[in-house]
Amino acid sequence: MVNLYSIDALKENLEPLRNKGLKIGFAPTMGALHDGHISLVKAAKEECDVVIVSIFVNPTQFNNTEDLKLYPRQEDKDLELLTQNDCDFVYLPTAEEIYPPDYKEVKVDLDTIENTMEGEHRPGHFNGVVNVVSRLFKIVQPTKAYFGRKDFQQVAVVKEMNRQLKLPVEIVTVETKRDPSGLAMSSRNLRLSEQELEKAVVISQVLNKGKSWANSYSPAVTRQKMIEYFEQTSLKLEYLQIVHPDTLNDLNQYWVSGATACIAAYCGDVRLIDNMELITKEEN
Ligand code: AMP
């Protein structure tokens with residue numbers, strides 16, 4: 001694996017490959033890598049000729065300075081894991097390179113997608129995501145970019161950004177990778193104690209409950225039952241919503257194909273998110 005620390009080094013290495021017509025698969029990350037990130041690398045390896053991962057803890061997508069400060073960082077381990085998984089390039093930019101003094105903020109009208117769930121509870125978060133992802137796309141110029149379904153709303157935002165900015169990148173969504181316990185893998189899990197790790201399992205449990213309740217109840221009733229179930233646990237619920245997979249509007253009376261339950265909760269002082277498709281999406 002080649003480590004790239006600057007835009008110049010990146011250009012020098014990727015341009016000849018691009019000129020040969022090779023497909024470049026890209027997975028942007030914030031490091032503290034785990035098997036969830038590696039599933040993006042594997043998906044990219046299957047579909048592309050060259051795989052590049054970026055590691056950049058993007059300050060503009062944190063609305064909470066403490067969360068940014070405590071975000072896990074383990075570069076050496078990350079590089080080892082990527083090497084073991086045959087990643088071709090890793091891009092490790094500095095904040096100055098991503099946001100130079102003449103940087104012009106990218107604005108995208110995200111409308112309803114932005115004003116719910118993560119957008120509602122983390123003001124400015126998706127503006128940060130749009131800016132870092134569009135900037136990384138411009139620098140890396142990938143053929144395909146890989147994002148985890150774990151960040152369900154982020155995928156919707158990136159797809160909408162891509163559509164509005166007319167970027168020549170195909171967005172690919174990769175299923176959420178879970179621990180054997182069902183807990184969605186997350187860099188933030190590193191901040192959980194043994195006990196908290198056990199407690200956090202209730203998040204995927206309630207999502208699975210929702211999936212079975214969805215067979216018998218409306219979205220509104222399913223949601224209510226999920227909230228009541230969750231309130232009996234020691235985690236603190238921030239939101240639990242059942243939404244349309246594309247518009248992210250709340251579903252109440254009727255189910256739609258791909259209806260998804262999204263949840264954010266605090267386990268101790270660590271904020272965790274997860275989601276699950278409750279009604280299987282019919283592919284056409
Ligand atoms: P992050 O480093 O948390 O910004 O995540 C980088 C990418 O990895 C995003 O596209 C995430 O959705 C994806 N990702 C994170 N956790 C998982 C997981 N458990 N399964 C699949 N993809 C994931």
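All ligand and atom numbering here is 1-based and tracks the order in the structure.
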The closest protein heavy-atom partner of atom 10 (O) of ligand 1 is G148 N, 2.9 Å
Taking only non-hydrogen atoms of K177 and a 4.0 Å limit, the atoms of ligand 1 in range are 18 (C), 19 (N), 20 (N), 21 (C)
A student checking ligand 1 against F147 at a 4.0 Å heavy-atom cut-off should list atoms 10 (O)
Rounded to the nearest 0.5 angstrom, the CD-CD distance for E170 and E47 is 7.0 Å
Atoms of ligand 1 under 4.0 Å from any heavy atom of T29, numbered from 1 in the order shown, are 2 (O), 6 (C)
Only residue of Q241, H244, R223 satisfying side-chain hydrogen bond (donor to acceptor under 3.5 Å, both in side chains) with D250 is Q241
Taking only non-hydrogen atoms of E175 and a 4.0 Å limit, the atoms of ligand 1 in range are 20 (N), 21 (C)
So for K150 against ligand 1, with non-hydrogen atoms under 4.0 Å, the contacting part is side chain
side-chain contact (heavy atoms from CB on, under 4.5 Å) with S6: of E12, K11, E97, only one passes, and it is E97
Checking the N or O distance criterion of under 3.5 Å, is ligand 1 in contact with M185?
yes
With distance as the sole criterion, is a donor-acceptor pair present between the side chains of N127 and E114 under 3.5 Å?
no
Atom 4 (O) of ligand 1 has as its nearest protein heavy atom M30 CG, 3.6 Å
Between N58 and Y99, do the side chains contain a donor N or O and an acceptor N or O under 3.5 Å apart? yes
of all protein heavy atoms, closest to atom 15 (C) of ligand 1 is H34 CE1, 4.0 Å
Counting heavy atoms under 4.0 Å, the part of H37 that contacts ligand 1 is side chain
Aromatic plane relationship, W213 with Y229 - under 30° parallel, 30 to 60° tilted, over 60° perpendicular: perpendicular
One finds that the ligand 1 atoms under 4.0 Å from a non-hydrogen atom of D151 are 11 (C), 12 (O)
Contact region, P28 to ligand 1, non-hydrogen atoms below 4.0 Å, reads backbone
ask   = Where do N208 and Q205 land on the side-chain hydrogen bond (donor to acceptor under 3.5 Å, both in side chains) test, with the steps shown first?
value = CA-CA 5 Å; N208 279 307; Q205 278 170 357; over 6 Å; no
Rounded to the nearest 0.5 Å, the NZ atom of K45 sits from the CG atom of D86 at a distance of 5.0 Å
Item to complete: Determine whether the side chains of Q224 and Y217 contain a donor N or O and an acceptor N or O closer than 3.5 Å.
Response: no
The answer for which part of L40 has a heavy atom under 4.0 Å from ligand 1 is side chain
Ligand 1 atoms nearer than 4.0 angstrom to some heavy atom of Y71 are 3 (O)
